[in-house]
Amino acid sequence: MRIIASVPAKVILFGEHFVVYGKRALATALNLRLNVEVSDRAEGGYQLNVENIPSFGLQMELTGTKAQPFIDYEQASRAIVYIRYAIRYLERMYGIDGGVVIRVRSDIPLSAGLGSSAAASVATIAALKRYFGLWNGDLEELREDAHNVEKAVQGSASPTDTAISTYGGYVLIEGGEVERLYDLPAIDLVTGTICSIPLGIGPEQLDELRLKTRKLVENVKARKEAFSGVFEHIASAADALTEEAIAALRHHDLSGLGCLMNINQGLLDSLGVVPRQLSELVKLAQESGALGAKVTGAGGLAELGGTGTVIALPSAGQSYKLAIAMGLTGALVRNLKTNAEGLVIEEEPV
Ligand code: PMV
C-alpha cells in the first residue's frame with residue numbers, strides 16, 4: 001500500500017506579530033505544496049528520503065574527481081526534525097511501530113515564513129495515521145496532533161500554520177483561536193523569498209536561522225515594553241487593517257487591498273522586523289506596478305542575510321512582469337494563488 005498526503009504552504013496576509021498580542025490576523029493557503037508518501041518496508045523501522053526542498057541542500061567539497069559531503073549530517077537532520085518528532089509522537093500516542101518508507105517532496109522553502117515546518121508535521125502525521133489505519137477523517141484532531149509536534153520542537157507555536165496546512169482556504173486568527181473563512185476569493189500573489197543564506201552558513205548561524213521567528217518575536221516584545229503607549233496604537237491600527245482587508249477581499253477590491261498591504265508594511269517596519277534586503281524587495285515590487293507589497297510572517301534579521309519572504313499583489317494580467325522585476329534581485333520568485341486546497345490524502349495499491 002502507498003499513501004500520499006499533500007498539504008499547502010501558508011502565507012500571513014495581514015496582522016503578523018500583532019496577532020501575538022491578541023489582535024486579528026488573516027492567513028491563507030498557497031498552491032505550493034509538500035507531499036509525504038508512506039509505503040511498505042519489509043525490514044521494519046523507518047527509512048526517510050527527503051527530496052528537493054528549495055533552500056535546503058548539501059554543500060559539496062569538490063576534491064579531485066570525488067565530491068565529499070561538506071555539511072555534517074547532524075546539521076542536515078535539523079531540516080527533518082519535525083518528521084522525527086512526528087514519528088515519535090505517533091509511536092507514543094497511537095502505538096505505531098514502523099515498517100515504512102517515508103518520502104518527502106516539497107516546493108516550500110525552509111525558514112522563509114511559508115509554513116514548511118507545519119506542512120511537514122501535518123502531512124507526515126496524516127500519511128502515517130492513514131497507513132496504520134488510524135485516520136478517521138477528523139481534521140481537528142490532526143491539527144491538534146501537528147500543533148503538539150510543533151510545540152514539542154519549538155517550545156511554542158501559534159496555531160496558524162498547522163490550521164492552514166490542514167484546512168487550506170483562509171483563516172482568521174484572533175486571541176489564539178482559529179476561524180475558517182469560506183467566502184473569500186482566490187487571488188494572484190507574487191512571492192519573493194530571500195534564501196541565499198543557507199549555503200556556506202556555519203552551525204551556530206544555522207541554529208539562529210531555525211530560531212529566527214523566536215528572536216524576532218522577542219525583539220518586538222522589547223520594543224513594545226519600551227514604548228507601550230505607542231505600541232498599543234500601532235497594534236490597534238493593525239487590527240483595523242485586518243478587518244478592512246477582509247471587507248476589501250469580499251468585495252474584490254484589489255486596489256484597496258493593495259493599499260492596505262502597503263500600510264501594513266509600514267507598521268511592520270515600525271517594529272524593526274524589516275531588514276534592507278526585504279525592504280528593497282518590497283520597494284521594487286511597489287515601483288514595478290504591484291498594487292501592494294509587504295513582508296509576510298516574522299520578517300528577517302540583517303545578520304542572517306535578511307532571509308524571509310515578501311508578498312506582492314499584481315494588477316490584472318501583470319503577474320509575470322512583476323515576477324521578472326522581483327527576480328532581478330536574486331530572490332526566489334513564484335507566481336501563486338491563495339485559497340488553495342488543504343490536506344488531500346490518496347491511497348494507491350502497489
Ligand atoms: O515567519 P513565520 O511563518 O514563523 O510567522 C511568524 C508569525 C508571527 O506572528 C511573527 C508569530 C506568531 O506566532 O504568530
Side-chain angles (χ1 to χ4, degrees), residues 7-30 32 34 55 81-82 106 108-122 143 146-147 149-151 153-166 171-179 189 191-195 197 208-224 231 234-235 238-239 241-242 245 264-265 267-275 277-278 281-282 294-301 304-311 332 336 338:
V7 298
K10 77 99 218 270
V11 71
I12 299 180
L13 296 175
F14 290 89
E16 52 273 271
H17 282 292
F18 302 103
V19 71
V20 173
Y21 301 99
K23 305 299 183 199
R24 286 171 288 186
L26 178 66
T28 184
L30 294 175
L32 191 66
L34 178 142
S55 86
V81 65
Y82 291 89
S106 179
I108 310 174
L110 295 176
S111 298
L114 293 175
S116 64
S117 323
S121 307
V122 171
R143 178 167 84 82
H147 193 211
V149 168
E150 280 220 305
K151 283 189 284 193
V153 178
Q154 295 169 202
S156 71
S158 93
T160 319
D161 296 21
T162 40
I164 285 291
S165 282
T166 305
V171 299
L172 175 69
I173 308 105
E174 185 173 9
E177 296 297 318
V178 171
E179 183 192 341
L189 279 184
T191 60
T193 300
I194 308 268
C195 58
I197 196 77
E208 279 176 37
L209 193 59
R210 201 165 57 86
L211 300 173
K212 188 188 78 171
T213 297
R214 190 184 294 184
K215 179 97 196 298
L216 283 159
V217 168
E218 276 168 18
N219 292 353
V220 170
K221 186 165 178 246
R223 197 166 279 203
K224 172 183 180 285
F231 185 90
I234 302 175
D239 192 61
L241 274 177
T242 302
N264 196 155
Q265 169 65 13
L267 301 189
L268 285 171
D269 205 9
S270 78
L271 299 183
V273 299
V274 183
Q277 293 88 341
L278 292 175
L281 193 51
V282 168
K294 66 182 276 291
V295 161
T296 182
L301 291 160
L304 293 177
T307 306
T309 297
V310 165
I311 52 174
L332 173 67
L336 298 170
T338 64

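The first residue of the sequence shown is numbered 1, and numbering continues consecutively from there. Whatever order the structure lists them in is the order used to number ligands and atoms, beginning at 1. Just the heavy atoms: all of them, side chains too, but no hydrogens, waters or symmetry mates, feed the values below.
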Which of the ligand 1 atoms, numbered from 1, are nearer than 4.0 Å to a heavy atom of Lys10: 2 (P), 3 (O), 5 (O)
Heavy-atom side-chain contact between Leu301 and Leu216 under 4.5 Å: yes
Nitrogen or oxygen atoms of Thr296 and ligand 1 under 3.5 Å apart: no
Closest approach of any protein heavy atom to atom 13 (O) of ligand 1, naming residue and atom: Ser158 CB, 3.2 Å
Glu177 vs Leu172 side-chain heavy atoms within contact, under 4.5 Å: no
Side-chain heavy-atom pair Lys294, Val282 within 4.5 angstrom cut-off: no
Minimum side-chain heavy-atom gap Pro8-Leu30 below 4.5 Å: no
Residue selection (non-hydrogen contact nearest atom 8 (C) of ligand 1) among Arg214, Lys212, His17, Lys23: His17
Option among Ile194, Leu114, Leu278 that satisfies the side chain to side chain contact (heavy atoms under 4.5 Å, CB included) test with Thr309: Leu114
Under 4.0 Å to a heavy atom of Glu16 - the qualifying atoms of ligand 1, by number: 9 (O)
Identity and separation of the nearest protein heavy atom to atom 4 (O) of ligand 1: Thr213 OG1, 2.9 Å
Top protein contact for atom 1 (O) of ligand 1, by heavy-atom distance: Ala298 N, 2.8 Å
Closest contact, heavy atoms only, Val273 versus Pro275: O-CD, 3.3 Å
Heavy atom of the protein closest to atom 7 (C) of ligand 1 (residue, atom name, distance): Ile12 CD1, 3.8 Å
Sub-4.0 Å heavy-atom contact, Val19 with ligand 1: yes
Aromatic ring pairing Tyr21/Phe231, orientation class (parallel under 30°, perpendicular over 60°, tilted between): perpendicular
